[in-house]
Amino acid sequence: MIGISDKGMTNLLSAETLEGMAGEKVTLHGVIQRIRCLGWGAFIVLRRHDGLLQCVMGNDGNEEILDNLDVEQSVEVTGTVKEAGIKDNSIHPASVEIHVDSIDIISAPAVQPPVDTTKKVLDLHIDTNLDLRPLSLRHPGERARLKIAESFALGFRESLSNMGFTEIRTPKICSAGAEGGANIFKVDYFGRPAFLAQSPQFYKQMGVGIFERVFEVGPVFRAEPHQTSRHINEYTSLDFEMGFIDGFEDVMALEVAVLRHCLYRVRKNTSYELEMLGAKMPEIGEQIPSITLEEAHRITSEISGKNCMREPDLEPEEEKILCRYSKEEWGSEFLFVTHFPTEKRPFYTMDDPANPGTTLSFDLLFRGLEVTTGGQRIHEYEMQVEKMKKFGLDPDDFESYLQAHKYGLPPHGGLAIGLERMTARILDVDNIRLTTMFPRDAKRLTP
RNA sequence: GGUCCGGUAGUUCAAUCGGCUAGAGCACCGGCCUGUCACGCCGGAAGUUGCGAGUUCGAGUCUCGUCCGGACCGCCA
């Protein structure tokens, strides 16, 4: 037997730690991101867990080792931390650098990278980028997007956790789709048909009966064969569901609070990445404006000159017009749109008793794109059974789900935020695939 | 599924009305450079123009077929 102790674990020497260590000798690891050779020596930039670190090495007596160094080698460096004023905003820490005593190659790539990841801008065709994802994501700007998405999701978890929500993990292999639609992936489950989850909706509602307030960060699957820059077939859904609401406005109010914290967390945790990418973070003022779908159509009809009044939903062009309008008129880059028609919303959506034909539901638009859908759900058993029948669904097919209603549920509602879409709009990235680590679309199953 | 656009060096892009040896940046290789920061300077190598057929004296360019991709639409909690 040997004992494994957590004492004496490797100190990762974060960028912040290194900034306070001028004059000290350190040994650390990294991967060579780029090398700039000058007559007297070289600048060796290491890619580390939390940024890029500049190392400096003179030629004298080092000709052979410098000659052997190459990008993407894993190295161990020993040297002295020195003050530096580095202008390149992809370097972090920027206030110090390492004056190298020795550098050892621990591991080297088998072949030269097919694309240039050493430059500030990774200038790749999207298809090349996605084919080479294990490599292209090593580029500081590419991986920064994933860090920002991570921080946003972390903010989501933190804020809900602090407000008494329980984080749940629900099955992704299900016996029926949450929407009953055709856009669902079928899988073989020991000879029985099963489906990949389109949404944790059913389980969130059951969760309300158990914990009152629940949330989940997880994958959802959509089998729609659409080919657009804002759709992928597997994405990360930030979901919550809460009991004892007075109306769907409570859900929207909570989203305002959650978003505020998510944006705070992104600013706080990824300021280096935001600056490197030149991101313009949105601000949330006192409130986020909210309009009904009818008002929305009136506005877009006036602006575009096209009559949109009879559209049951918002078209992509309308979403863009509305966001521009919201920013100019109300100073908000976020905009709620409420009261979507009954037939455009799933069967579990609560109808608005005051406005027949519409539902107590909302979308949140942000910078021209729908990033959230939510609303109040039906909590009474009989009402839910009736609406299923109206939708042409057989309640018997949803027996296990309906246990939640049958045994009593408080009035409740919730929402889902698309993480990759949110990240793409924060960073002004055109294609959602570029804010996804390994995107899945109709034509892409690898890497 | 529909409409439009594209496929040229490892990569990102040029190539005028169909006309000279298909060019350039970056990467790569060689040389130079005492603080770079998308370093700089000099030189070099690198191509079955997605694939197949056709028209033509001549095709990256025009036509047909085929494969692959992109944008938008349909669709979309």
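A, B, ... follow the sequence lines: proteins, then strands. Residue 1 opens every chain.
- Within the nucleic acid shown, K204(A) has no heavy atom closer than 4.0 Å to any nucleic acid atom.
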Which atom pairs, donor and acceptor, lie under 3.5 Å between side-chain atoms of residues 87-96 of chain A and protein residues at least two apart or in another chain?
from, atom 1, to, atom 2, distance (Å)
D88(A), OD1, S90(A), N, 2.8
D88(A), OD1, S90(A), OG, 2.8
D88(A), OD2, R34(A), NH2, 2.8
D88(A), OD2, S90(A), OG, 3.3
S90(A), OG, R34(A), NH2, 3.3
H92(A), NE2, E16(A), OE2, 3.4
S95(A), OG, E19(A), OE2, 3.2

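- Taken residue by residue, residues 57-91 of chain A places heavy atoms nearer than 4.0 Å to RNA chain B at G85(A), I86(A), K87(A), D88(A).
- Across the protein-nucleic acid pair, I32(A) atom CD1 and C37(B) atom C1' stand 17 Å apart, rounded to whole Å.
- With both ends at atom C1', the span from G18(B) to C29(B) equals 37 Å, rounded to whole Å.
- Side-chain contact, S14(A) with D50(A): no donor N or O sits under 3.5 Å from an acceptor N or O.
- Computed from coordinates, the L53(A) CG to C37(B) P distance equals 18 Å when rounded to whole Å.
- Applying the ring-ring contact (aromatic ring centres under 6.0 Å, His included) test to pairs two or more places apart or on separate chains, those with a residue in residues 41-73 of chain A are W40(A)-F43(A).
- Listed by chain and residue number, nothing satisfies the salt bridge (Lys or Arg N to Asp or Glu O under 4.0 Å) test with D352(A) (two or more places apart in sequence, or in another chain).
- On the P atoms, U63(B) is 25 Å away from G1(B), given to the nearest whole Å.
- Closest of all the heavy-atom pairs between T423(A) and R145(A) is CG2-O, 3.8 Å.
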Kindly indicate, with the supporting measurements, whether the criterion ring pair (Phe, Tyr, Trp, His ring centres under 6.0 Å) is fulfilled by Y401(A) and Y348(A). CA-CA 11 Å; Y401(A) 165 57; Y348(A) 51 76; 7.4 Å; no

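- For the residue pair H412(A) / Q205(A), a side-chain donor-acceptor distance below 3.5 Å is found, with atom types taken as modelled.
- A side-chain N or O of K172(A) and one of T170(A) form a donor-acceptor pair less than 3.5 Å apart.
- Rounded to whole Å, the P atom of C32(B) lies 46 Å from the corresponding atom of G70(B).
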Once base and sugar-phosphate atoms are separated, protein heavy atoms under 4.0 Å mark nucleotides 42-48 of chain B, 5' to 3', with B, S and - as -------

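- T128(A) and H125(A) share no side-chain donor-acceptor pair at under 3.5 Å.
- For the residue pair D351(A)/T342(A), the side-chain donor-acceptor check at 3.5 Å is satisfied.
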So what's the dot-bracket for RNA chain B: Watson-Crick or G-U pairs under 3.5 Å, [ ] if a pair crosses, | if it pairs off-strand? (((((((..((((.....[...)))).(((((.......))))).....(((((..]....))))))))))))....

Pairs under 3.5 angstrom only: tabulate donor-acceptor contacts from the side chains of residues 242-251 of chain A to other protein residues two or more places apart or in another chain.
from, atom 1, to, atom 2, distance (Å)
D250(A), OD2, D246(A), N, 2.7

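- Closest-nucleotide positions on RNA chain B for F43(A) and I126(A) were compared, and the one nearer the 5' end corresponds to F43(A).
- For Q54(A) and G35(B), the CD to P distance is 13 Å, given to the nearest whole Å.
- Among the protein residues, S229(A) comes within range of the sugar-phosphate backbone only, with heavy atoms under 4.0 Å from sugar or phosphate atoms but none that close to a base.
- Whole-Å rounding puts the R345(A) CZ to C76(B) P distance at 12 Å.
- Across all strands, F340(A) comes closer than 4.0 Å to no nucleic acid atom at all (heavy-atom distances).
- Judged as a ring-ring contact (aromatic ring centres under 6.0 Å, His included), not a single pair has a partner in residues 426-447 of chain A (not counting sequence neighbours).
- Per the geometry, CZ belonging to R34(A) stands 14 Å off C1' belonging to A27(B), to the nearest Å.
- Residue contacts for S237(A): at a heavy-atom cut-off of 4.0 Å it reaches no nucleic acid atom on any strand shown.
- A9(B) and C4(B) have their P atoms separated by 27 Å, with the value rounded to a whole Å.
- The NZ atom of K344(A) sits 8 Å away from the C1' atom of C75(B) (whole-angstrom rounding).
- Scored by the side-chain contact (heavy atoms from CB on, under 4.5 Å) test, K406(A) finds Y381(A) as partners (sequence neighbours excluded).
- At least one side-chain heavy atom of M163(A) sits under 4.5 Å from a side-chain heavy atom of V258(A).
- Legend: residues meeting side-chain contact (heavy atoms from CB on, under 4.5 Å) with L146(A), ordered by chain and number and at least two apart, are L137(A), M437(A).
- Taking only distance into account, the side chain of E315(A) never meets the base of G74(B) through a donor-acceptor pair shorter than 3.5 Å.
- Within residues 419-440 of chain A, the residues approached by RNA chain B to less than 4.0 Å at the level of any non-hydrogen atom are N431(A), in residue-number order.
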When you look at E142(A) and R47(A), which way does the salt bridge (Lys or Arg N to Asp or Glu O under 4.0 Å) test go after all the steps? CA-CA 13 Å; E142(A) 293 287 314; R47(A) 184 175 68 242; over 6 Å; no

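- Within residues 110-125 of chain A, the residues approaching RNA chain B are Q112(A), P114(A), V115(A), D116(A), K119(A), K120(A), D123(A), L124(A), H125(A), by heavy-atom distance under 4.0 Å.
- Counting only distance, with no hydrogens or angles, the side chain of R345(A) and the backbone of F340(A) share no donor-acceptor pair below 3.5 Å.
- Of the P atoms belonging to A59(B) and G50(B), the separation is 15 Å, rounded to the nearest Å.
- The minimum heavy-atom distance between R48(A) and L13(A), with the atom names listed, is NH1-O, 2.8 Å.
- Straight-line distance from the CZ atom of R47(A) to the P atom of C37(B): 22 Å, rounded to whole Å.
- Taking for each of H99(A) and L314(A) the nucleotide of RNA chain B with the nearest heavy atom, the 5'-most of the two is the partner of H99(A).
- Protein atom CH2 of W40(A) is 14 Å distant from nucleotide atom C1' of G40(B), rounded to whole Å.
- Comparing the P positions of U16(B) and A22(B) gives a spacing of 14 Å, expressed to the nearest Å.
- Heavy atoms of E97(A) sit under 4.0 angstrom from at least one base atom.
- When the C1' atom is compared between G40(B) and A46(B), the two are found 23 Å apart, to the nearest whole Å.
- The side chain of T228(A) contributes no N or O atom lying less than 4.0 Å from OP1 or OP2 of C73(B).
- Anti is the classification of C32(B), since its glycosidic angle lies more than 90° from 0.
- G47(B) and C42(B) have their P atoms separated by 24 Å, given to the nearest Å.
- F334(A) and F366(A) have parallel rings, their planes meeting at less than 30° on a 0 to 90° scale where 60° marks the start of perpendicular.
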